[in-house]
Amino acid sequence: MPSYDYEVDLPSLAEAAQGLAETVQLFKDKDVEDLVPSRDAIGHDGLWDAVDEFKGRWEEGMNNLCQDVEEMAGRLGKITMNYAEADQAGNDGFTRVAGSVGDVDVLGA
């Protein structure tokens, strides 16, 4: 018989969402242009054209990747909040039931 038990590590999910968001910010703080030599440093027009094209494609790829990772961070954060809310609702329900059970007179005394 299959088991339907599951366990969610809320702090780890929250840390993962935060880590993704911080990583994206690191990429936003540094531009690809900061990592590529300048036209003057290269000194050759043909080579510069190739480097400039590469830089443009690299920048586009990084921007797309950052957008995807931002989306992942947002969704993971929302999932974490949903699990936390479900956990709290379950805890509240058990607390109410425990209080009601304590009021039951089992022995009829």
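What you see below is based on every heavy atom in this structure, not just the backbone, and it leaves out hydrogens, waters and symmetry mates.
The pair K28-E70 meets the salt-bridge criterion, with a side-chain N (NZ, NE, NH1 or NH2) lying under 4.0 Å from an Asp/Glu carboxylate O. Taking 4.0 Å as the cut-off between side-chain N and carboxylate O, D45 and R39 count as a salt-bridged pair. Between E71 and R75, at least one side-chain nitrogen of the basic residue sits less than 4.0 Å from a carboxylate oxygen of the acidic one, meeting the salt-bridge criterion.
The two residues T80 and L10 come nearest to each other via the heavy atoms O-CD2, 3.7 Å. Contact between A17 and G77 at its shortest, heavy atoms only, is CB-N, 3.8 Å. Annotation for F27 and C66: closest pair CB-SG, 3.6 Å, computed over non-hydrogen atoms. Residue S12 comes nearest to D9 through the heavy atom pair OG-OD2, 2.7 Å, listed as atom of the first residue, atom of the second, then distance.
Using a distance-only test at 3.5 Å, with no hydrogens or angles considered, a donor-acceptor pair links the side chain of D34 to the main chain of D31.
There is no path of hydrophobic side-chain contacts, each under 4.5 Å, that joins W58 to L26. In this structure, M72 is not a member of the same hydrophobic cluster as M81, with clusters built from ILVMFWY side-chain heavy atoms closer than 4.5 Å.
The line from CG of D68 to CG of N64 is 7.0 Å long, rounded to the nearest 0.5 Å. For the atom pair CD of E15 and CG of L76, the computed distance is 11.5 Å after rounding to the nearest 0.5 Å.
A 6.0 Å sphere centred on CD of E33 holds no more than 12 heavy atoms belonging to other residues, nucleotides or ligands.
When side chains are defined from C-beta on, K55 counts as touching W48, because their heavy atoms get closer than 4.5 Å. Looking only at side-chain heavy atoms (C-beta outward), V69 and T23 stay at 4.5 Å or farther from each other. Counting heavy atoms from C-beta outward, K30 and L35 have side chains that stay 4.5 Å or more apart.
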**Study point:** Derivation and outcome, side-chain hydrogen bond (donor to acceptor under 3.5 Å, both in side chains), residues D29 and Q25
**Key:** CA-CA 6 Å; D29 291 344; Q25 190 57 48; 2.8 Å; yes
Review point. Taking it one step at a time, do E53 and R57 satisfy salt bridge (Lys or Arg N to Asp or Glu O under 4.0 Å)?
Key: CA-CA 6 Å; E53 181 181 343; R57 291 180 185 202; 2.7 Å; yes
Exercise for review: Applying side-chain contact (heavy atoms from CB on, under 4.5 Å), run through N63 and E60 and close with a yes or a no.
Suggested key: CA-CA 5 Å; N63 289 339; E60 182 180 345; 5.7 Å; no
